[in-house]
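Have a look at the structure below before the remarks.
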Amino acid sequence: MPLLVQKFGGTSVADSDKILAAARRAIQAHNRGDRVLMVVSARGHTTDELIALAKEITETPPAREMDMLLSTGEQVSVALMAMAIESLGVPAISFTGAQIGLVTDSFHTKARIRNISTERMVQALNDGKIVIVAGFQGVDEHYNITTLGRGGSDTTAVALAAVLGADGCEIYTDVDGVYTTDPRIVPEARKIDRISYDEMLELASLGAGVMHSRSIEFAKKYGVPIHVRSSFSDAPGTWIVGEGDAKRLGVAVSGAALARDEARITIQGVPDRPGVVHGIFRTIGAAKIVVDMIVQNVSTGGVAEVSFTVAKGDLPETLRAAEAAARECGATGVTHESDVAKVSVVGLGMRTHTGVATAMFEALAAAGINIQMITTSEIKISVLVDRASAVPALRAVHEAFQLDRQALDQGAFVPSRPGSVMNLVPLAEAEGTPGTEARALGMEDLVIGGVELDESQARISVFGVPDRPGYAAKVFRSIADAGVFVDMIVQNIGLAGDSVLSFTVPRESAERAARAAEAAGARDVAVEPTLAKLSVIGVGMRTHTGVATRMFAALAERGINVNLINTSEVRINVGTDVARGREGLECLRQAFAL
Ligand code: ADP
Ligand code: ASP
Ligand code: MG
C-alpha cells in the first residue's frame, strides 16, 4: 500500500475548524487506500508565544529548558489531531518525537537528527491507523528533549518520508506553493510549478521561509519528491524535485529571496598567510554559528580583510568568537554592522546564461541602492544592502528578471523518483527489516559529493571601489559587452571605506576583462593570471559549519594560502596559487575521505 506523509504547518492547525479540515484531508487519502502519516506543527503562533513567555521569566533561559517548553506546542497539536480523526470514525494514534525514537544530537534548539526507529510507526500504519507525529522535536541519547530549530517540522516530515521510503511528501501551508519570492513582501510574486532541490536549498537558506532548508537536504540526499501546497484549497502547488524534472529552458533566474536581519562582521588586517582563515572559522564554527557570505578580499601590503555575515541574533556570540580569533591570528581589529540585509537571486539557468550578475547590479543601480558586499556561486548571486533598502532592492530585482510575468505550466505532473543522489537508500530498505535502529552514520551528517580543481581561470581585482550605487553595474556591463563570461564575484569593504571587487574569468579573457573594467572607469586594476579554484561539493554545506573549517584546515596544514573564498549551500570554492592546485586537490580528497 502506498505511504503518504502529510505535514501541516502552524496556520493549518490554528483552530479546531482547521484541525478538522486537516483531519479530513488525511482521511481522504486514507480512504483512497494510502497509508497516511501526518506531521503536525504547533498551532498558530504557539511557538512564538512560548518563547515570549520564557523571555518574561529570564533573558537567558537555559537551552535545555527552552526545548522542554517549545516541544509542548507540537504535543498539543498531535493529541488534538488524533482526537479529530477518531471523532470522524478513523483510527488514529499520536506520537511525540521521543515515542518514535527520533534521536538527535544534544545541540538544544538547533539539534540535528541522528536516527529514527521506524518500528512503532510501521506497526501502527499496518494496523490501519493514521499516524500523527509531533514535528520539530526529538530526544538526545540521554532522553533530553531537543528541538530542530525554527521551522523544523518540515525537516521532521521529509526525514520521516525518507526513512519510511514514502511515496510522497506533501507540505500543507498557508500559501499555495513556493513563489518567486515571499508574496507577503512582493504581492506580484508568482507561484513556481517545479523547482529543483539545489535551487530550493539556496532559496530556503537565503531567506525564503516557506521551507526549512534542512528538509531540502534530506529530500535531495534521499530523493524524496516534495509537493508544497495550500491547506485551504485543492489547487496544485509546487513540486520540489530532481533537476531533470525541474529544468525550465530559457529561464535564468527562478526566484529571489531576502534575509532581512543580517549582521556583518569584518576582521581587519588579517595577515595573509596560510592557516589564518582556518583559525578564524574554527573558533567561530566551534560556537555552532552558521556563517554566511564569507568574503576575503585580495591582500594589500600583506594583510587582508575577512568579512562574513551571520543572522543578527547570533551577533553577540559571533563577536566574542571573532574577537578571540582576531587576537589569535594577530589581526588588527574587528568591526561590525548590524543593520544590513541580504538580497539574492537563484536559478539553475545561471550556469548557462551570462549577464545575470550584470542585470542584477543594474537593477539595483537604477533603484539607487548601494551594494556593500557581493558573493556568487554557480546558481546564486547575493548582495548585502542597507536594511532600509532591503524591500526596494528585492522588488527591483524581482522586476528586473520579470519574475512577476512567468509563464505558468499548469499541466498535470508526476515526478520521477529522482533516486538518491548521494548513493544513500531509505534506512528501512537498507536494513532489510523496517523498524531496526538506523546505522551509525547520523541521518543529517554531512555528505560530500566530491572535490574539484579548475585551473583555467584568472582573477581580476579592482581596488578603490567607491561606496556608492552603480559602480559594479558599470564595470560588469562593460565586461559583458566585451563578451567575457564572469564566474565568481566577491566584493568586500576595505579599510578606508572603499571596496575591493574581485572576480574570475577564463584565463584567455583576463586582459580583455581588465581593459573593459578600466574602460568603465576602474583606475586600479590588477590581473592575477594564475589561479586554481578548488571546490568541495555536497549538500547543505552552509549549515554544516564544519565543512569550510575542515577545508581551510587541510589547506593550511600543507601551507597552501587561500586568496579567495566563495560559499553556497552546494559548494565551497576557494582560490589558491595555481602551482599548488593539484596538491590542494589531493589534500582535500584525503580530508574528506574521498
Ligand atoms: P507553516 O507554518 O505552514 O510552516 P511558514 O510560515 O513557515 O508556514 O511558511 C509559509 C510562509 O512562507 C508564507 O506565508 C510566506 O509568507 C513565506 N514565504 C517566504 N518566502 C516564500 C516563497 N518564496 N514562496 C512562498 N512563501 C514564502
Ligand atoms: N513550531 C515550530 C516553529 O514555529 C516548528 C514549525 O512550525 O515548523 O518554529
Ligand atoms: Mg514553516
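Quick caveat, the model's predicted, so the values are computed rather than measured. Note: hydrogens, waters and symmetry copies are ignored here, and every other heavy atom, side chains too, is used. Indexing begins at 1, ligand by ligand and atom by atom, following the structure's order.
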Heavy-atom nearest option to [atom], drawn from [options]:
{"atom": "atom 7 (O) of ligand 1", "options": "Ser254, Gly177, Gly209", "answer": "Gly209"}
{"atom": "atom 2 (C) of ligand 2", "options": "Gln137, His45, Glu74, Arg43", "answer": "Glu74"}
{"atom": "atom 20 (N) of ligand 1", "options": "Thr47, Asp182, Val186", "answer": "Asp182"}
{"atom": "atom 27 (C) of ligand 1", "options": "Thr181, Val210, Val13", "answer": "Val210"}
{"atom": "atom 8 (O) of ligand 2", "options": "Ser77, Gly10, Ala42, Ser153", "answer": "Ser153"}

Nitrogen or oxygen of Asp174 less than 3.5 angstrom from that of ligand 1: yes

Please check if atom CD in Gln75 has more than 12 non-hydrogen atoms from other residues, nucleotides or ligands closer than 6.0 Å. no

Any heavy-atom pair between the side chains of Val175 and Val210 that's under 4.5 Å? yes

Polar proximity ligand 2 side, Lys7 side, N/O cut 3.5 Å exclusive: no

Nearest protein heavy-atom contact for atom 4 (O) of ligand 2: which residue, which atom, what distance? Arg150 NH2, 2.9 Å

Just to confirm my output: which protein heavy-atom neighbour is closest to atom 23 (N) of ligand 1, and how far is it? Tyr179 O, 3.0 Å

Would you call Gly151 a ligand 2 contact, heavy-atom distance under 4.0 Å? yes

Ligand 1 atoms nearer than 4.0 angstrom to some heavy atom of Val178 are 24 (N)

Atoms of ligand 1, numbered as shown, that sit under 4.0 Å from any heavy atom of Thr173: 1 (P), 3 (O), 8 (O), 9 (O), 10 (C)

Donor on one side chain, acceptor on other, Glu202 and Ser568, under 3.5 Å: yes

Of the backbone atoms (N, CA, C, O) and the side-chain heavy atoms from C-beta on, which set of Pro183 has a member under 4.0 Å from an atom of ligand 1: side chain, backbone, both, or neither? side chain

Please classify the Lys7 to ligand 1 contact at 4.0 Å (heavy-atom distances, strictly less than): side chain, backbone, both or neither. side chain

Applying a 4.0 Å heavy-atom criterion (strictly less than), which segment of Ser41 is in contact with ligand 2: side chain, backbone, both, or neither? side chain

May I ask you to decide if Arg351's main-chain N or O and Glu378's side chain share a donor-acceptor pair within less than 3.5 Å? no

Suppose I only count heavy atoms of Thr47 and a 4.0 Å limit; which atoms of ligand 2 are within that range? 1 (N), 2 (C), 3 (C), 4 (O)

